[in-house]
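Within every chain, numbering begins at 1; the chains are lettered A, B, ... in the order of the sequence lines, protein sequences first and strands thereafter.
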Protein chains: 2
Amino acid sequence: MTTSAIRSASLARRERQKAETRQAILDAARELFVAEGVEATTMRAIAAKIGYTPTAIYHHFRDKDALIVELCLADFTALGHAMFKIGRIEDPIERLRRLAMAYTDFALDNQSQYRFMFMTSYQQQLKDAAGNMMPMPDEDAYQFLLQTVQEGIDKQLYRPEHTDAVELAQMFWGGIHGIVALWFTHCDDPHITFRDPRQVVRALCNCVLCGAVRNPN
Amino acid sequence: MTTSAIRSASLARRERQKAETRQAILDAARELFVAEGVEATTMRAIAAKIGYTPTAIYHHFRDKDALIVELCLADFTALGHAMFKIGRIEDPIERLRRLAMAYTDFALDNQSQYRFMFMTSYQQQLKDAAGNMMPMPDEDAYQFLLQTVQEGIDKQLYRPEHTDAVELAQMFWGGIHGIVALWFTHCDDPHITFRDPRQVVRALCNCVLCGAVRNPN
DNA sequence: GCTTTTCACTTAACACTGTCAAGTGGCTGA
DNA sequence: TCAGCCACTTGACAGTGTTAAGTGAAAAGC
């Protein structure tokens, strides 16, 4: 082994170790965020979970928000994957239905992540962080939705009064988001009766599409 | 003036003064909550705003959450009033439309209050507090919605497949909530194009009702 | 009219948070 | 063998919500 080979090997090991503890921090943070909530989990608790001192975290992340944003960004790509897994379905209307259900499934299966992604405003910090990372994968999911709606408009599947893809997309997304968000925040409220959110989302799709599509079958 | 009259008069004044500073605390808290956000406003700031010591607040409210819950409860009655102002409109479908727009207006005009009422989970504390107060006025607004939907079902205005008022109500409420909530959290996101939420809510009502009603006109 | 009680409010502190400046110690490279 | 690096620790700071122990002026009692 040459000296340069040794150098690069030890350098690589060092970097790998650093990456490992970085990942350990992220894993511990995620687990605690999910279990206790974000506000309730402290830097000290995260550090204790992985056997470090609180300030060690600050060698890997600028501050608590940076930690949050990094996890959030990872979740956005996970959502993107879940959406694209639907793949090519010819009929844009049917594709929209599948999209809605996949989105709902993701939200319900990852409640605490979803709360961060879409129920709090981290725009500024996400934007700052996005500069260093990929071009905002959430955008992809949104673009996928927008494109699916636009395709329906282009193929004249919607009634003539619906010509604005942006408006339709916002309506779909908002509608579904509201059903799951309301479920998250209020399902324990004894004054309100709730049906299974998946069922309600399905009903919303039926109603909206039945009302917006030219030839509902 | 008899001695008992003097006693009751001074007692009344004392209680009035206490009520006044209590209200002053609530007003200051509301103003700061709206301006700075709830997490960001401190007990010390609220106290400073009305010229008191932070601990003075604790003679009027158990803790910060109690302060929040009290303001929240007041907002629920405000929403209830806004809903009932719609009054008696014969057609349950048209009434539902008006309901949706009144709800949307309330949300957009009282963003920070709305965030508290429907975008965070204060169920437990609200429930605890509700024991001492009126029977949860929010319930009224929800019951109003539910009843309006049920009336439409009873009059056979909806298509035969729609028989569950709870599901329809959840769909309407959720749909509208999602459009305004998404607007609140993401309207600054440069990757997403947004239309005016009132316009989108109107479009949602059109689509849903067109799809759910037996004879859309 | 004097004393006693009440009670709205203050003072001083506590435990806890996120965060930082100044170390420390073991591995790395020469 | 030695200097340097750097992941990590120590000890602290300002700020948070909250509380136990006062304080002093107004009210109540005689």
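Residues A:F116 and A:F76 keep their aromatic ring centres 6.0 Å or farther apart. Checked against a 6.0 Å centroid threshold, the rings of B:Y103 and B:F172 do not count as neighbours.
Backbone-only contact: A:T42 has heavy atoms under 4.0 Å from sugar-phosphate atoms and none from a base.
At whole-Å resolution of the value, CD in B:E15 and C1' in C:dC7 are 12 Å apart. Atom CD1 of A:I57 is separated from atom C1' of D:dC8 by 12 Å (rounded to the nearest Å). The CD1 atom of B:I46 sits 8 Å away from the P atom of D:dG17 (whole-angstrom rounding). Spacing between atom CD of B:E39 and atom C1' of C:dG18 amounts to 14 Å, rounded to whole angstrom units. One interatomic measurement links the two molecules: CD1 of A:I25 to C1' of D:dC8, which rounds to 11 Å at whole-angstrom precision. Remark: P of D:dA7 and CD of A:E20 are 14 Å apart, rounded to the nearest angstrom. Atom CD of B:E36 and atom C1' of D:dT16 are 16 Å apart (whole Å). If you take CZ of A:R16 and P of C:dC27, they are 15 Å apart, rounded to a whole angstrom.
Legend: salt bridge (charged side-chain N to carboxylate O under 4.0 Å, His left out) pairs involving residues 29-46 of chain A, not counting sequence neighbours, sorted by first then second residue: A:R30-A:D75, A:E31-A:K49. For residues 51-60 of chain B, there are no salt bridge (charged side-chain N to carboxylate O under 4.0 Å, His left out) pairs, not counting sequence neighbours.
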* Asked: For DNA chain D, what is the dot-bracket line, given that a base pair needs Watson-Crick (N1 to N3, plus N6-O4 or O6-N4) or G-U wobble (N1-O2 and O6-N3) geometry with both distances under 3.5 Å, and | means paired with another strand?
  -> ||||||||||||||||||||||||||||||
* Nucleic acid footprint by protein, nucleotides 18-24 of chain D - heavy-atom cut-off 4.0 Å, B for base, S for sugar-phosphate alone -> BB-----
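Side-chain atoms of A:R95 come within 3.5 Å of backbone N or O of A:I89 as a donor-acceptor pair. Of the possible donor and acceptor atoms, none in the side chain of B:E167 sits under 3.5 Å from a partner among the backbone N and O of A:R195.
We find that B:E15 and B:R22 are not joined by a salt bridge, their nearest charged nitrogen and carboxylate oxygen being 4.0 Å or further apart.
Among residues two or more places apart in sequence or in another chain, the salt bridge (charged side-chain N to carboxylate O under 4.0 Å, His left out) test is passed with B:E20 by B:R16. In this structure, B:D27 has no salt bridge (charged side-chain N to carboxylate O under 4.0 Å, His left out) partners at least two apart in sequence or on a different chain.
In the set C:dT11, D:dC8, D:dT9, D:dT9 carries the atom at the smallest distance from any side-chain atom of A:T53.
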